[in-house]
Every structure is written in structure tokens, then in C-alpha cells.
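Numbers here are sequence positions counted from 1. As the structure is a prediction and not an experimental result, all values here were calculated from the model.
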Amino acid sequence: MADAVERPDGPDVEQDSVVLDAKGLRALAHPVRVQLVGLLRKYGPSTATRLAERLGVNSGTASYHLRQLGAAGFVEEDTERGNARERWWRSVHRTTWFNDPELVEREPEAALAYQQSVAAIYTLRAQQTLNELQTMPRAWRNTFDMSDWALRLTPEEAAALYRELAEVIARYRRDAPEAAASAPEGAERVAVITQILPELDAPAASSLPSGPQEEEGSATS
């Protein structure tokens with residue numbers, strides 16, 4: 001439900017994106033708020049009641065967190081849809097960017113809570129797709145992929161890898177609720193989730209036994 005935690009050292013930050021500062025990071029340091037922002041970006045404006053139904057929480061909880069997000073500038077009331085009995089909310093931004101090492105140092109607990117919430121949502125997305133995979137049209141089933149490759153890189157090489165991946169993704173059509181009508185026939189929303197995970201506990205080459213070794217790796221699609 002949440003958009004990817006994007007990094008401003010890749011392609012240029014879009015005009016309708018938000019770069020997290022300390023206030024924004026603290027506001028998003030709650031899994032329900034991260035999911036609410038993601039739902040509004042994915043499906044468009046909605047009410048607290050409808051959002052609560054999607055998340056499996058009560059409407060009072062959703063309303064509270066929407067107000068907190070509104071105070072932090074992530075969502076706003078959609079006055080064209082709302083009325084005296086029903087408040088509609090919409091996302092102010094399209095994507096979120098977070099890659100400030102100094103901010104992580106200043107707000108370690110908030111940064112960890114936010115990143116853990118995003119990671120949990122990514123896991124939920126994958127599980128939901130798996131649950132629906134057998135009922136998808138074959139053409140879409142054939143595009144499904146879950147792969148991993150083990151690389152041994154320097155920090156500079158890992159950063160370069162991220163930039164190259166981001167440049168490839170940026171060449172493709174971005175999704176937003178209002179863009180669906182103008183997309184080509186047959187186009188559906190596709191989530192591309194990138195993860196570069198340093199594994200510093202892996203043994204160095206000097207500590208490996210000598211002799212032929214069987215390479216470990218996996219790619220599942």
C-alpha cells in the first residue's frame with residue numbers, strides 16, 4: 001500500500017514528491033499511517049470509513065491517523081467530494097523520498113519504525129499477489145517474478161547499481177489513479193520493489209576453504 005522508499009540520489013526528485021524531514025519522518029513512524037498514504041496514492045481520494053475497511057481497523061482509528069497525516073502535510077481534505085456528514089481525503093504527494101543519513105542519526109527510532117513499516121507492507125504485497133496468482137490471466141501470471149542474486153560489491157558499486165536500476169525504472173510509465181484512463185489498453189498497475197540488502201556477516205574470500213565450491217544462488221519466477 002505504501003509507495004517505495006525512494007532515494008534522491010537517483011533520478012531527479014519529481015515535483016509531486018515529498019522528501020522526508022524530521023517532522024515528516026516522525027509522522028510516518030506508524031504502520032497504519034504508511035498504509036493510509038499508500039492507499040490514497042493507489043486508489044485515489046477516499047473516506048476514513050472506506051480506508052478503515054481496507055485496513056481492517058475501526059473508522060475512529062483511521063480518522064485519527066488521517067488527521068495526524070493532514071497536520072504533517074501528507075494528506076488533505078478533498079473539499080469537492082466531502083460534505084457535512086462525510087470527509088474525503090486525498091494524498092498530497094505521489095511518492096516519498098528518504099535517504100538522509102544525518103536524519104537517520106538524529107531520529108533513529110522514527111527511522112527504524114518507518115522502514116520496518118514499509119518492509120512489512122512489501123511482504124504483505126507479495127503475499128497478496130501470491131494468493132491471487134492462480135486466478136490471474138496467464139499473460140500476467142507469466143510476468144510474476146521473485147528473484148535474488150548474490151553479488152559482492154563495494155559501497156560505491158552498490159550505489160551505482162541502485163542508480164542504474166532507478167534509471168531503467170524511470171523510463172517506464174508511472175501509475176496514478178488519474179492516469180489510468182489514458183494508459184494503453186491492457187495496462188495494469190505493476191509494483192516494482194527494489195531491495196539492496198548489505199549482508200555484512202557473509203564470510204570473506206580469505207576465510208573460505210580451498211578447493212572447488214558449489215555456488216549458491218536462487219532466482220524464482
Side-chain angles (χ1 to χ4, degrees), residues 1-7 13-20 23-83 85-98 110-133 135-136 140 144 169 172-183 187-195:
M1 288 62 166
D3 278 1
V5 184
E6 301 193 50
R7 298 163 35 154
V13 176
E14 298 172 358
Q15 187 174 0
D16 54 357
S17 298
V18 56
V19 178
L20 290 185
K23 177 182 177 182
L25 181 61
R26 289 192 294 268
L28 284 182
H30 194 289
V32 171
R33 295 179 192 170
V34 175
Q35 291 182 80
L36 286 170
V37 172
L39 287 172
L40 290 173
R41 291 176 180 175
K42 182 176 181 179
Y43 296 107
S46 188
T47 66
T49 299
R50 296 181 182 182
L51 292 167
E53 291 174 354
R54 287 187 180 273
L55 294 181
V57 301
N58 63 61
S59 59
T61 297
S63 294
Y64 168 76
H65 287 298
L66 285 166
R67 290 195 299 271
Q68 298 302 307
L69 288 168
F74 290 101
V75 305
E76 63 186 7
E77 283 194 65
D78 188 342
T79 55
E80 296 180 0
R81 299 173 186 264
N83 53 49
R85 297 180 55 187
E86 193 174 48
R87 295 175 77 180
W88 283 70
W89 298 87
R90 62 188 174 197
S91 176
V92 176
H93 313 102
R94 186 176 177 182
T95 54
T96 300
W97 297 75
F98 177 50
L112 180 60
Y114 172 60
Q115 291 170 320
Q116 287 178 330
S117 296
V118 173
I121 291 167
Y122 289 168
T123 301
L124 178 61
R125 278 185 172 184
Q127 191 60 59
Q128 288 175 332
T129 299
L130 284 170
N131 292 341
E132 299 167 2
L133 196 60
T135 61
M136 286 184 185
W140 283 111
F144 176 79
I169 294 169
Y172 287 83
R173 188 179 305 104
R174 299 300 295 269
D175 181 62
E178 62 274 11
S182 60
E188 301 286 353
R189 181 180 174 96
V190 173
V192 178
I193 298 172
T194 65
Q195 296 179 330

For a quick test of reading the model, state the closest non-hydrogen atom pair linking [X] to [Y] and the distance between them.
X      : Y      : result
Arg41  : Pro177 : O-CD, 3.0 Å
Trp89  : Ala48  : CD1-N, 4.4 Å
Ser117 : His30  : OG-C, 3.9 Å
Ala111 : Phe98  : CB-CZ, 4.0 Å
Tyr122 : Gln195 : CD1-NE2, 3.8 Å
Asn58  : Thr61  : OD1-N, 2.7 Å

Side chains of Thr47 and Trp88: donor-acceptor distance under 3.5 Å anywhere? no
Would you please say whether a donor-acceptor pair under 3.5 Å links the side chains of Thr49 and Ser59? no
Under the side-chain contact (heavy atoms from CB on, under 4.5 Å) rule, what do Val37 and His93 come out as? Steps first, then yes or no, please. CA-CA 9 Å; Val37 172; His93 313 102; over 6 Å; no
Checking Glu76 now: which residues fulfil salt bridge (charged side-chain N to carboxylate O under 4.0 Å, His left out) with it, not counting sequence neighbours?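 Checked Glu76 against salt bridge (charged side-chain N to carboxylate O under 4.0 Å, His left out); matches are Arg90.
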Flag the pair [X] / [Y] as yes when at least one side-chain heavy-atom distance between them is below 4.5 Å, and no otherwise.
X      : Y      : value
Leu39  : Ser46  : no
Val192 : Tyr172 : no
Tyr114 : Thr96  : yes

If the condition is side-chain hydrogen bond (donor to acceptor under 3.5 Å, both in side chains), which residues does Glu77 pass it with, not counting sequence neighbours?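 Per chain and number, Glu77 pairs via side-chain hydrogen bond (donor to acceptor under 3.5 Å, both in side chains) with Arg87.
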List in chain and number order the residues that pass side-chain hydrogen bond (donor to acceptor under 3.5 Å, both in side chains) with Arg26, two or more places apart in sequence or in another chain; answer none if no residue qualifies.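 With sequence neighbours excluded, Arg26 shows a side-chain hydrogen bond (donor to acceptor under 3.5 Å, both in side chains) to Glu107, given in chain and number order.
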Rounded to the nearest 0.5 Å, what's the gap from [atom1] on [X] to [atom2] on [Y]? Could you check?
X      : Y      : atom1 : atom2 : answer
Arg173 : Asp175 : CZ    : CG    : 9.5 Å
Arg125 : Thr123 : CZ    : OG1   : 11.5 Å
Leu40  : Leu51  : CG    : CG    : 5.0 Å
Ser63  : Leu36  : OG    : CG    : 9.5 Å

Quick one: do Val92 and Val18 satisfy side-chain contact (heavy atoms from CB on, under 4.5 Å)? Show the steps, please. CA-CA 9 Å; Val92 176; Val18 56; over 6 Å; no
Candidate pair Ile169 and Thr194, rule side-chain contact (heavy atoms from CB on, under 4.5 Å), full reasoning: CA-CA 10 Å; Ile169 294 169; Thr194 65; 3.8 Å; yes
Kindly say whether Ala27 contributes a backbone atom to a donor-acceptor pair with the side chain of Arg33 at under 3.5 angstrom? yes
Identify whether NZ of Lys or CZ of Arg in Arg54 sits under 6.0 Å from the centre of the six-membered ring of Tyr43 and within 45° of that ring's axis.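 Relative to the ring axis of Tyr43, which defines the angle, Arg54 lies inside both limits.
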Report the residue from Val34, Leu66, Leu28 that forms a side chain to side chain contact (heavy atoms under 4.5 Å, CB included) with Phe74. Leu28
Residue that, paired with Gln35, satisfies side chain to side chain contact (heavy atoms under 4.5 Å, CB included) out of Val57, Leu55, Val118: Leu55
Does the pair Trp140 and Leu133 meet the rule for a side-chain contact (heavy atoms from CB on, under 4.5 Å), with working shown? CA-CA 9 Å; Trp140 283 111; Leu133 196 60; over 6 Å; no
